[in-house]
Protein chains: 2
Amino acid sequence: MTAITLQPIGILHCDLKKHGETPKNYDESTHEGTIEIYPHFVAGLEGILKGDTIVVLFWLDRADRAVLRVHPRGDESRPKRGVFATRSPARPNPIAVSELLVLDIHNNILNVQGLDILDGTPVIDIKNKIYSDQMK
Amino acid sequence: MTAITLQPIGILHCDLKKHGETPKNYDESTHEGTIEIYPHFVAGLEGILKGDTIVVLFWLDRADRAVLRVHPRGDESRPKRGVFATRSPARPNPIAVSELLVLDIHNNILNVQGLDILDGTPVIDIKNKIYSDQMK
């Protein structure tokens with residue numbers, strides 16, 4: 001059980017500054033923002049086009065990593081359940097998986113729609129939503 | 001840009017031992033295997049039931065982290081594209097996102113179907129596929 005080290009590939013810029021402001025899930029959000037990819041990783045973006053849906057992995061740097069049981073959607077009237085049975089940001093390795101629409105892409109800057117993530121959150125990966133054999 | 005440290009929450013056991021044996025994506029696979037969650041994290045599983053579809057994040061410990069452009073699906077007849085425009089395991093932070101069917105769950109052991117991941121791969125997160133407000 002050796003530790004695993006990630007390096008951020010970029011950072012999110014958007015107008016969601018506080019936890020209470022974020023939509024509960026990306027599929028409930030039309031928030032727009034900008035993903036800035038660090039220069040070292042820009043070659044990895046080749047082939048991403050305006051209009052694509054991308055899967056973006058974020059490192060939720062302000063999430064509680066010690067919690068294993070939560071009230072679903074923070075609703076205290078509902079019984080707690082294990083974090084692995086929820087989409088809560090609180091979890092041992094707080095990684096969010098979001099599907100975002102690419103509104104525009106220029107060099108290392110992607111304008112995206114569908115955010116439920118706080119401003120300043122590190123980006124750790126981007127994947128094509130569509131599998132390779134379906135890709136243009 | 002500080003480094004991020006993950007700790008594995010478990011490990012995958014299955015009969016996929018070599019790269020050439022793995023299906024290219026989980027949605028093409030009916031392979032079964034077992035996810036063993038380490039004892040410290042078992043409370044996080046509460047609420048996962050047989051028949052659920054779960055989203056499992058794996059740390060692809062044998063993937064190439066230095067590559068930024070690949071031939072889609074390893075097909076050299078196709079032009080290279082950026083890894084972030086593909087589902088290639090090769091990428092700076094090699095995390096796989098798989099949707100798996102829970103065939104059975106007992107304590108810290110989940111029998112799952114839909115694997116395209118090598119035996120011995122660390123598990124770093126599990127999420128409910130369904131969003132919380134749709135959950136039973």
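Just so it is clear: chains get the letters A, B, ... in the order the sequence lines come, proteins before strands, and each one is counted from 1.
- In this structure, B:S88 contributes its side chain and B:A90 its backbone to a donor-acceptor pair below 3.5 Å.
- Comparing B:P122, B:P94, B:G44, B:G82 by heavy-atom pairs within less than 4.5 Å of chain A, the highest count is held by B:G44.
- Among A:L45, A:L68, A:V83, A:D75, the residue making the largest number of heavy-atom pairs under 4.5 Å with chain B is A:L68.
- With a threshold of 4.5 angstrom between heavy atoms, B:L57 approaches chain A through side-chain atoms but not through N, CA, C or O.
- Between the B:R87 side chain and the B:A96 main chain, no donor and acceptor come within less than 3.5 Å of each other.
- Proximity to chain A is limited to the side chain of B:V55, based on heavy atoms less than 4.5 angstrom apart.
- For the salt bridge (Lys or Arg N to Asp or Glu O under 4.0 Å) with A:E46, the qualifying choice from B:R69, B:R81, B:K80 is B:R69, the only one to do so.
- Remark: side-chain polar atoms of A:N93 are paired, donor with acceptor, to backbone N or O of B:I124 under 3.5 angstrom.
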